[in-house]
There are 2 protein chains.
Amino acid sequence: MTRKPAEERRRDLVEAGLRVIAREGMHGATVRAIVAEAGVPLATFHYVFDSRDQMIGEAYAYVVLPRVGEVPTPFSASASPVDAVRGVLHDWVDRFSEHPEYELAVMEIMAYCRRTPSLAHLPGEVQTRYVEIVSTVISAICEQLEVEPQQPLDELSQLVLHVTDGLTYCMLRTGDAAASRRFVEAAAPMLAAAVMGER
Amino acid sequence: MTRKPAEERRRDLVEAGLRVIAREGMHGATVRAIVAEAGVPLATFHYVFDSRDQMIGEAYAYVVLPRVGEVPTPFSASASPVDAVRGVLHDWVDRFSEHPEYELAVMEIMAYCRRTPSLAHLPGEVQTRYVEIVSTVISAICEQLEVEPQQPLDELSQLVLHVTDGLTYCMLRTGDAAASRRFVEAAAPMLAAAVMGER
DNA sequence: GCTCGACTTGGACGCTTGTCCAGGTTCCAC
DNA sequence: GTGGAACCTGGACAAGCGTCCAAGTCGAGC
């Protein structure tokens, strides 16, 4: 086995863990399955992690880690606010449909964290990161369309998060993208109106 | 142990199982924990169920079983459509806040079912039941307010389901009812408009 | 070239898991 | 009262789990 600093091994195992959870679910993500996915011996796991729960926590934090090249803005500068919002949301549905098992994994990890006292605080922190990320997107839209958000960015973000969460939960049950597209159509004007400050 | 027909024992165990999952999560809902909750010996479980997975499936179906006295309509006949929708949604948030662990349990069961081939079809069927239940509520509102739904009931139901799912997922992460109340305020006009047929 | 801390790992520990067998008990129909 | 179906259950099974120890190996700094 090539020698690596512990920090790097941790990241390898976290990424392997996320792959296993996406493929097999939380239930199948045993320590043995994770080290097999990472291609390392069993004992390596507890050299870099105190416990399996600790690794799960780091994996959950990893999914909201800032990575370069994200935050897409799939709309033109000439679009109306409604069209811009619609574009971003449809893009989200597209991405989701490509890898629903990944979002299912994130949901399972969230539920597991809430059930585990030492990890129960994480979902709240992850949500805060979500709000920050969505705020960035909203800012980008407003800047590109040269409009000024008429409400606090955080509150707008939380509105959007409710919408994407609704899409996520529904699509995880059925995989019915058509119904979700209809919801996007209905929700886009509402969100655009919220940004423009109407009530 | 008092003798009971197998069917009744099944229901006892299903209800005990739901209590355990709500309290301890899917992870802690072992066969032994469930029979302890139900107050029956271990071997009783496999007398009435072929497997633990079969019981989980029946428990998931149980949560959308029609029960008498449900489908509340907390709004007055003189209310506007927006107020009626708002009332129903705030009522939902209230109910959720009383027992969030129950909704978390339902989410965990859903995820588990999606991961288990023999149960993977259930979430879709449960969603169909949800749509039926919500349709009943929408019909009741329309009837009481003497308005006619301008779109297919099923589509309206699916819109509402996306909203409640968004509320559920968000509140399970943070327990932040305030943000959810704001979302209800923003979503109510949109849903009312959808019912009245506007676009 | 030696030292020492960092990294690696085979193998085992005690415990819990879902499942199942084989024998016991109850009670209704005749 | 006898037979048999339905219900009950103590106890065991193999398999799998997270965790840990103690010994091994490497490589940078002196």
Side-chain angles (χ1 to χ4, degrees), chain A residues 1-21 23-60 108-109 111-113 115-120, chain B residues 1-21 23-60 108-109 111-113 115-120:
Chain A
M1 183 59 52
T2 56
R3 286 171 89 85
K4 285 188 181 183
E7 196 184 342
E8 199 168 334
R9 272 276 125 79
R10 283 166 89 92
R11 214 198 49 233
D12 289 354
L13 283 167
V14 161
E15 289 174 358
L18 284 172
R19 285 197 300 275
V20 173
I21 299 173
R23 197 191 322 124
E24 324 261 9
M26 199 76 231
H27 186 246
T30 66
V31 173
R32 275 160 240 263
I34 293 167
V35 296
E37 171 76 21
V40 300
L42 176 58
T44 299
F45 190 94
H46 282 90
Y47 177 68
V48 294
F49 293 115
D50 288 343
S51 66
R52 192 188 87 118
D53 283 352
Q54 186 188 65
M55 192 235 85
I56 299 296
E58 294 199 11
Y60 193 36
E108 289 180 86
I109 298 173
Y112 182 84
C113 286
R115 295 298 189 184
T116 307
S118 65
L119 305 176
Chain B
M1 183 60 51
T2 56
R3 285 171 90 84
K4 284 187 182 184
E7 196 185 342
E8 199 169 333
R9 273 274 123 82
R10 283 166 89 94
R11 213 198 50 230
D12 289 353
L13 284 167
V14 161
E15 290 175 356
L18 284 172
R19 284 197 302 275
V20 173
I21 298 173
R23 198 193 320 126
E24 324 260 9
M26 199 75 227
H27 184 66
T30 65
V31 173
R32 275 162 241 261
I34 294 167
V35 297
E37 172 76 22
V40 302
L42 176 58
T44 300
F45 190 95
H46 282 90
Y47 177 68
V48 293
F49 292 116
D50 288 343
S51 67
R52 191 188 88 118
D53 282 351
Q54 187 189 61
M55 192 236 85
I56 299 295
E58 294 199 11
Y60 193 36
E108 291 181 84
I109 298 173
Y112 183 83
C113 287
R115 294 298 189 185
T116 307
S118 65
L119 305 176

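Protein chains get the first letters and strands the later ones, always in sequence-line order, with residue 1 at the start of each.
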Rounding to a whole Å, what distance do you find between [X]:[atom1] and [N]:[atom2]?
X	N	atom1	atom2	result
Glu24(A)	dG16(D)	CD	C1'	15 Å
His27(A)	dC17(D)	NE2	C1'	11 Å
Lys4(A)	dC26(D)	NZ	P	18 Å
Ile34(B)	dG18(C)	CD1	P	8 Å
Leu13(B)	dT9(D)	CG	P	12 Å
Ile56(B)	dT19(C)	CD1	P	11 Å
Gln54(A)	dT19(D)	CD	P	10 Å
Phe49(A)	dC7(C)	CZ	C1'	15 Å

For the side chain of [X], counting heavy atoms from C-beta on, which of [options] is nearest?
X	options	answer
Leu42(A)	dG11(C), dT17(C), dT8(C)	dG11(C)
Arg3(B)	dG18(C), dG11(D), dT25(C)	dT25(C)
Ala43(A)	dT9(D), dG11(C), dG18(D)	dG11(C)
Ser51(B)	dT19(C), dT9(D), dT19(D)	dT19(C)

Reckon Thr44(B) touches a base, only the sugar-phosphate, or nothing at all at heavy-atom distances under 4.0 Å?
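The answer is base, as Thr44(B) lies within the cut-off (heavy atoms under 4.0 Å) of a base atom.
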
With sugar-phosphate meaning primed atoms plus P, OP1 and OP2, does Arg9(A) contact a base, only sugar-phosphate, or nothing at under 4.0 Å between heavy atoms?
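Since only primed, P, OP1 and OP2 atoms lie under 4.0 Å of Arg9(A), the category is sugar-phosphate.
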
Ignoring backbone atoms, establish whether Tyr47(B) has a side-chain N or O less than 4.0 Å from OP1 or OP2 of dC8(D).
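Answer is no, no contact under 4.0 Å.
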
Whether His46(B) contacts dC20(C) is assessed here as follows: a side-chain N or O lying under 4.0 Å from the phosphate OP1 or OP2. Is that the case?
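Indeed not, no polar side-chain atom of His46(B) lies that close.
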
Tell me if a side-chain donor or acceptor on Gln54(A) pairs with a main-chain N or O of Asp50(A) at a distance below 3.5 Å.
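Yes: the side chain of Gln54(A) pairs with the backbone of Asp50(A).
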
Check whether Glu37(B) reaches the backbone of Val20(B) with its side chain - one donor and one acceptor, N or O, closer than 3.5 Å.
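Absent.
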
Both Asp53(A) and Pro5(B) contact DNA chain D. Which one's nearest nucleotide lies toward the 5' end?
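It is Pro5(B) whose nearest nucleotide is closer to the 5' end.
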
Please evaluate the base of dG16(D) for a donor-acceptor partner in the side chain of Arg32(A) within a cut-off of under 3.5 Å?
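A donor-acceptor contact between them is absent.
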
Should Met55(A) and Phe45(A) be marked as a side-chain contact (heavy atoms from CB on, under 4.5 Å) after you check the CA-CA gap, both sets of side-chain angles, and the distance that decides it?
CA-CA 9 Å; Met55(A) 192 235 85; Phe45(A) 190 94; 3.7 Å; yes

Enclosure of His27(B) NE2 (heavy-atom neighbours >12, cutoff 6.0 Å)
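No, not enclosed.
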
Do the side chains of Arg11(B) and Glu15(B) get close enough for a salt bridge, i.e. N-O under 4.0 angstrom?
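Yes, charged N to carboxylate O under 4.0 Å.
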
